[in-house]
Every structure is written in C-alpha cells, then in structure tokens.
Amino acid sequence: MNTPEPASTGHFIRRIIEDDLKTGKTGGRVVTRFPPEPNGPPHIGHAKSIGMNFGLAAEFGGVCHLRFDDTNPSTEDVEYVDAFQRDIRWLGFDWGQNLFYASDYYERLYTYAVELIKKGKAYVCELNTGEFKEYRGVPTRPGKESPGRTRLVEENLDIFARMRAGEFDEGRYVLRARIDMASPNLHLRDPVIYRIKKEVHHRTGAVWCIYPMYDFAHCLSDSIEKITHSICTLEFEVHRPLYDWILDALEVYHPRQIEFARLNLSYTIMSKRKLQQLVEGKQVAGWDDPRLPTLAGLRRRGYTPAAIRDFCERIGITKFNSLTDVALLEHCIRDELNKTASRVMAVLNPLRVVIDNYPEDQEEFFDAVNNPEDPTMGSRKVPFSRVIYIERDDFREQPPKKFFRLAPGQEVRLRYACYITCTSVVKDDKTGEIVELHCTYDPASRGGASPDGRKVRGTIHWVSARHAVQAEVRLYDRLFLHENPAEAEGNDFLRHLNPNSLQVVTGFLEPGLVSVNPWDRVQFERLGYFCADGVDSKPGQPVFNRIVTLKDSWGKIEKGSAG
RNA sequence: UGCCGGAUGGUGUAAUGGUAGCACAGCAGACUCUGGAUCUGCUUGUCUAGGUUCAAAUCCUAGUCCGGCAGCCA
C-alpha cells in the first residue's frame with residue numbers, strides 16, 4: 001500500500017476518530033456505516049458520505065458497513081437497493097461481507113421495544129394524527145401528556161402484541177417512547193417509535209404490519225453492528241439526544257453520532273423530490289440522464305470514479321451549509337482526463353474547405369500524437385485529402401484583433417498536417433451564408449513543422465471530408481441557469497432550467513473513432529472531453545456525450561472585448 | 001420570538017492562543033503544433049461591538065445574520 005494522499009489535513013470528524021483511538025474509547029476499532037434509505041437514486045451528495053465513511057474506515061484500518069435503512073415500505077424499492085450497491089462498487093468501495101438491512105433486525109427491534117415497555121419507557125398511544133399534533137405542542141409551548149401515557153405495562157404489552165398481530169387498522173395505535181412532553185426538543189416529546197403499516201415490504205414481504213421509525217431503528221442498528229462512529233447529516237443533529245436516550249434506556253452498546261453538512265452543488269439540485277419531478281416531468285431522459293447529479297447520470301456523462309472521489313476529498317467536511325462550485329467538479333474530471341484520455345480530432349460544426357493546390361486524387365497520412373501528456377500512448381495516422389472540414393468558429397471573414405485562426409489571406413496550421421492560407425470565400429447567393437472556403441497549402445509545411453522558421457500562431461483541428469465518419473454528438477451543459485435553483489425566488493426551480501442544456505449535433509470524426517468501445521473517453525482536440533455513450537452506441541456507430549469542455553481562453557478574450 | 005447548530009477572500013476549506021495558508025474561480029505574463037496542458041506572478045478574507053492577553057480567526061460577554069427542528073418520512 002502506498003501512503004495516503006497528503007491528507008487534506010484533519011477535518012473535525014477525522015480528528016474525533018483519532019482522539020477516540022488515542023484514548024482507547026472504541027477499543028482500537030473503527031467501524032463506520034453508510035446507511036441509505038432505498039427510496040431514491042444515489043447522487044453525488046451520497047458520494048460525499050460514501051467517500052467519507054468508507055474512506056475513514058480504510059484510513060484507520062477499520063471497516064464500513066453498507067446498511068439499508070429500510071423501515072418505510074411504502075416509499076422504498078429494490079430498484080434503489082440495487083442502484084446503491086452498483087454505484088458504491090462503481091465508485092471503488094467495498095463493504096465485503098458487511099451488507100445489512102434494518103429489516104434484518106425487525107424481530108430484534110421488536111424485542112427491544114417490548115423491553116422498553118417493560119421498563120415503563122414506552123407506551124401505546126391511541127391519539128389520532130390530529131390529536132397527536134395538538135398534544136405535541138409547539139416549540140415555544142410544552143405539549144400535553146397522552147392519555148395512553150399512564151397505561152399499565154401489561155396492557156401496553158398486550159396492545160403492542162395485537163398491533164403486531166394485525167388486529168388494528170393503520171393509525172389506530174402507535175408505540176411511543178416515554179420521555180418528556182415538555183422538552184424544548186420536539187423529538188423528545190414522546191416520539192413515535194412504531195407505527196402500523198399494512199404494507200408489503202420489499203424484503204420481509206407481508207410478515208410485518210408494524211414498522212419501527214427511523215429514530216428507533218437507526219440507533220439500535222448501529223448498536224447491533226457495533227458501529228463506532230455513526231456519521232450523518234446536519235438535520236439529524238436534533239435527533240441525537242433521542243439516539244442517545246434510546247441506547248441508554250436499553251443499556252446497550254452506544255456508538256457516537258457525528259453530524260456534517262450535506263453537499264450542495266451549484267447549478268443543480270439534489271433533493272429526491274426535485275430529481276423525481278425532473279424525471280417524471282420528462283425534463284430529463286431518466287435517472288441516468290447525463291445532466292443529472294445522480295451517480296448514474298454522472299457515469300453516463302463520462303465522469304470517472306476517481307474524479308468523483310477526488311472531488312469528494314477536495315470539498316472537505318464541515319458543519320456549515322455551503323454551495324460548492326460545480327467548476328471544482330469539472331476541474332477534477334479535466335485533471336484526470338488530461339492525463340489519461342486519447343486526443344482525437346472531430347469537427348462538430350463543419351465548414352467545408354477545398355485546398356486548391358492539393359491534387360484531387362491524392363491522400364496521405366499524418367502522424368498524430370495520442371496524448372502529449374503521456375508519450376507511452378503512442379501515435380496514430382490521420383488521413384488527409386483535398387477537401388476537409390474545419391470548425392466554423394475557426395474562420396472569420398472579418399477577424400477581430402488577436403484572432404489567430406483562419407481568415408481571408410491569413411495562414412493557419414492544420415494540426416499535425418500543414419499550413420493553409422485562405423484565398424476565397426464562397427457564399428450562398430440567397431442567404432449570404434458561407435458555404436465553402438478555398439485555400440492553398442504550403443507543401444513544405446507537411447507534418448506541421450515550420451519550413452523556414454516562420455511563426456504561425458494558430459493551429460486548428462480538421463477532418464478529411466472523404467474519410468470522415470459521422471456520429472451523433474450530444475453537447476451537454478448545466479441543467480440550470482440559476483446558481484442555486486433550489487433556493488430561487490418563487491420556489492419554482494423549473495423556471496430556471498437551461499433550455500440549451502442539451503444540443504444534439506452530427507459530428508465529423510477522424511475515421512479511427514468508429515472502433516471506440518462504449519464508455520471510452522477521448523478528448524476532441526480543442527473542444528472538450530467526450531465519452532462514447534454506454535447505452536446508445538452501437539458497434540461501428542458510436543454516440544458521444546460531452547463530459548466537459550476544455551478551458552476556452554479565447555472565448556473569454558472575445559467576450560471581454562465585446563462587452 | 002423555544003431548542004440545537006453555524007459564521008474565515010467570489011467559491012470550497014486550513015490554521016485550536018504565536019507570520020491568516022491551500023485549492024477552485026478570476027486577472028496578468030511565460031511557454032506551446034490544442035487559445036488545451038504546464039510554469040510564474042497578482043488581487044480579494046477572519047460577521048459586529050466590547051473584553052481577557054505581550055499576543056485572539058481561536059478564549060469571554062453582548063449583538064447581528066444564516067441553517068435545522070412542530071411526518072405515524074429518513
């Protein structure tokens with residue numbers, strides 16, 4: 001094993017673990033857990049938690065359990081159980097034998113509940129939801145005690161058993177912890193720990209008709225698994241006293257709950273409900289739409305596990321809410337792909353160029369380096385002929401200052417090929433649109449080297465028209481125009497959708513690209529990083545997704561001078 | 001306005017009583033057969049007011065602002 005990354009210094013959770021190890025509090029053990037509820041798709045926010053829980057465990061020689069918090073059969077589905085397992089593995093983490101489900105503990109949890117009743121610390125409550133609400137009170141006023149609060153233990157035991165037996169309708173009774181109806185913390189005002197739900201569970205089937213609430217199931221599942229550090233998000237901070245109360249009341253093994261701030265990413269949304277709204281409203285193509293921050297979407301887009309892990313490391317762990325700039329995520333994927341992705345040439349918005357002094361029937365092959373960052377990736381031959389395509393943006397009839405690309409009378413280098421000079425422009429009679437350029441090339445510049453030492457400032461990419469292959473290319477951009485759509489005025493995040501988040505074009509690619517495999521990632525030189533779509537690509541007929549553009553300093557210059 | 005948590009450049013974070021640092025973004029320059037990459041430099045910050053101290057982002061007091069909590073969701 002090589003040494004871990006220069007440890008982005010110890011964040012507060014890492015420090016807590018170090019301290020606990022030092023003081024021997026956990027007997028030298030580190031056991032964390034990632035506890036998703038399988039009721040929505042894994043997204044990059046989960047990745048932050050996954051990376052931390054599995055990462056911390058690995059760092060301290062411990063283990064991290066994967067435990068599904070499946071205590072609410074009405075909202076959960078195996079679809080998401082599978083998705084979490086698939087995506088955690090994809091991210092590169094391994095729970096080994098430690099795959100658990102809260103539903104595995106139902107019998108045991110029931111026994112704990114009975115024990116609580118016997119201790120006089122839980123009781124059956126017959127209040128309906130309206131009454132329940134009224135009795136609970138509000139933060140500024142204490143609640144009232146439920147009539148059930150004084151019920152005898154024997155009677156509580158009897159009713160609870162009959163709840164389990166299915167004798168009552170949903171809502172007729174709940175089991176509540178007997179704590180303090182006057183507590184300033186609402187979660188301590190005799191919280192519900194079991195409710196009747198006549199639902200078929202995705203794992204236990206119809207065996208149960210009562211299900212434990214999160215607060216009851218979670219702490220005890222942690223306890224059963226001998227978790228040392230139970231890391232969760234900030235909104236559970238007010239639940240911690242209840243977490244502690246239950247474990248103390250039952251006198252069982254007591255993990256420590258630690259809270260951190262969840263991830264927010266700019267120009268996107270992370271809430272299950274909103275993601276679902278996008279999918280169901282057909283604003284996107286599905287959970288794996290490449291514009292979504294779901295792990296399936298990011299994967300489909302072409303993001304790598306390493307880049308996502310890197311991102312999760314860089315964002316850090318704190319206790320305050322923040323909005324992380326998506327530019328950091330983009331930096332992470334560019335950083336990796338710059339080192340690993342093969343360079344190829346592709347023209348996405350073609351302009352036909354005829355090289356008048358190049359013989360009609362001639363063709364030749366130029367050497368092109370596959371990756372200037374990595375010589376071991378070798379080179380390839382790229383075909384050249386009299387008619388080529390260049391990017392429309394690389395020509396200006398009236399070039400602005402500092403425009404180093406092609407313009408009438410201006411010379412430019414064709415990447416790896418030769419120098420050409422534009423001699424004339426052909427336009428459509430009616431529309432005035434430029435339809436074709438005529439150029440001459442300098443035979444002495446073959447291979448792209450300067451024959452006489454003259455400097456050519458611009459280098460543009462190209463594709464031989466005769467040899468080009470065509471492919472569908474999907475140009476993705478951020479899904480929202482607003483930096484923080486979830487917080488946007490009017491509460492209507494859909495209003496801020498980017499109407500141009502997807503643009504589909506037909507690209508002209510150098511011929512070698514027909515043989516890419518699905519999921520292969522390449523750099524289209526000067527344009528960006530692209531991934532052969534893993535679903536829609538067919539043998540010999542790839543479809544490309546743009547992962548991220550290259551940094552475009554010319555775009556900035558031009559934008560700046562125009563403004 | 002009850003309870004809990006929080007506040008460091010544009011953004012994300014580090015510094016736990018001793019030179020406010022790093023990354024992203026931005027700007028400027030160098031280099032370049034990708035206006036990419038790389039390299040160099042630069043701008044910008046401790047919520048406010050008091051206090052303790054030789055010394056405060058850090059400790060104390062008061063205030064301001066932000067987030068969370070009133071599901072039989074997690």
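Every chain is numbered from 1 and lettered A, B, ... according to where its sequence line falls, protein lines coming before strand lines. Only a predicted model underlies this, so the values are computations on that prediction, with no experimental measurement involved. Basis for what follows: all heavy atoms, side chains included, without hydrogens, waters or symmetry-related copies.
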Where the side chain of [X] is defined as all heavy atoms beyond and including C-beta, which of [options] is the nearest nucleotide?
X: A:I557; options: B:G35, B:G68, B:G12; result: B:G35
X: A:R314; options: B:A23, B:G12, B:G35; result: B:A23
X: A:T71; options: B:A74, B:G71, B:U13; result: B:A74
X: A:R136; options: B:A70, B:G12, B:G26; result: B:A70

Is there a side-chain polar atom (N or O) of [X] under 4.0 Å from OP1 or OP2 of [N]?
X: A:T459; N: B:U32; value: no
X: A:K551; N: B:G35; value: no
X: A:R413; N: B:U34; value: no
X: A:T129; N: B:C72; value: no

Discussion item. Please enumerate all residues that pass salt bridge (charged side-chain N to carboxylate O under 4.0 Å, His left out) together with A:D69, with sequence neighbours excluded.
Written reply: none
Discussion item. Using the salt bridge (charged side-chain N to carboxylate O under 4.0 Å, His left out) criterion, which residues pair with A:K381? Sequence neighbours excluded.
Written reply: A:D367
Set of residues satisfying side-chain contact (heavy atoms from CB on, under 4.5 Å) with respect to [X], sequence neighbours excluded:
X: A:A177; answer: A:I179, A:P191, A:I193, A:W245
X: A:R309; answer: A:F93, A:P305, A:A306
X: A:D477; answer: A:N498

Distance check needed: [N] [atom2] versus [X] [atom1], whole Å only.
X: A:F216; N: B:C72; atom1: CZ; atom2: C1'; value: 15 Å
X: A:D552; N: B:A25; atom1: CG; atom2: P; value: 14 Å
X: A:E76; N: B:A74; atom1: CD; atom2: P; value: 8 Å
X: A:L265; N: B:C24; atom1: CG; atom2: P; value: 17 Å
X: A:R478; N: B:U11; atom1: CZ; atom2: P; value: 16 Å
X: A:K272; N: B:C73; atom1: NZ; atom2: C1'; value: 9 Å
X: A:H239; N: B:G67; atom1: NE2; atom2: P; value: 18 Å

Worksheet item: With syn defined as a glycosidic torsion within 90 degrees of 0 and anti otherwise, which applies to B:G26?
Response: anti
Discussion item. Using 30° and 60° as the class boundaries, would you call the ring planes of A:H201 and A:Y106 parallel, tilted or perpendicular?
Written reply: perpendicular
Worksheet item: Looking at residues 329-347 of chain A, who's got a heavy atom less than 4.0 Å off RNA chain B?
Response: A:H331, A:N338, A:R343
Practice prompt. Scan residues 183-199 of chain A against RNA chain B and write down, sorted by residue number, each residue with any heavy atom closer than 4.0 Å; if none is found, say none.
Written response: A:P184, A:L186, A:H187, A:V192, A:R195, A:K197
Quantified in whole Å, what is the [atom1] atom distance between nucleotide [N] and nucleotide [M]?
N: B:U44; M: B:G12; atom1: C1'; answer: 15 Å
N: B:A37; M: B:A25; atom1: P; answer: 9 Å
N: B:U38; M: B:U43; atom1: P; answer: 22 Å

Discussion item. Could you check whether the side chain of A:Q523 and the base of B:U34 have a donor-acceptor pair of N or O atoms closer than 3.5 Å, going by distance alone?
Written reply: yes
Worksheet item: Under 3.5 Å, is there an N or O donor on one side and an acceptor on the other linking the side chain of A:R405 and the base of B:G35?
Response: yes
Item to complete: Just need the stems in RNA chain B: three or more back-to-back Watson-Crick or G-U pairs, each with both distances under 3.5 angstrom, sorted by first number.
Response: B:2-7 with B:64-69, B:10-13 with B:21-24, B:26-30 with B:38-42, B:47-51 with B:59-63
Worksheet entry | Within 6.0 angstrom of A:R203 CZ, more than 12 heavy atoms from elsewhere | yes
Discussion item. For A:R454, I'd like to know if atom CZ has over 12 heavy atoms of other residues, nucleotides or ligands within 6.0 Å.
Written reply: yes
Worksheet item: Can you list the residues that meet the side chain to side chain donor-acceptor pair (under 3.5 Å) rule with A:Y135, with sequence neighbours excluded?
Response: none
Please tabulate, one pair per line, each protein N/O and nucleotide N/O from nucleotides 5-9 of chain B that are separated by under 3.5 Å, including the distance.
none

Discussion item. Return whichever of A:V138 or A:P36 has its heavy-atom-nearest nucleotide of RNA chain B closer to the 5' end.
Written reply: A:V138
Fill in: Pairwise side-chain contact, A:Y211 with A:R195, heavy-atom cut-off 4.5 Å (strictly under)
yes
Discussion item. Less than 6.0 angstrom separating the ring centers of A:F404 and A:W554, yes or no?
Written reply: no
Worksheet item: Does anything in residues 167-180 of chain A pair up under side-chain hydrogen bond (donor to acceptor under 3.5 Å, both in side chains), and if so which pairs, sequence neighbours excluded?
Response: A:R162-A:E167
Check the interface with nucleotides 16-20 of chain B: list each N/O to N/O pair with the protein under 3.5 Å, or write none.
from: B:U16; atom 1: O4; to: A:R15; atom 2: NH1; distance (Å): 3.0

Worksheet item: For A:E259 and A:Q257, does a side-chain donor sit closer than 3.5 Å to a side-chain acceptor?
Response: yes
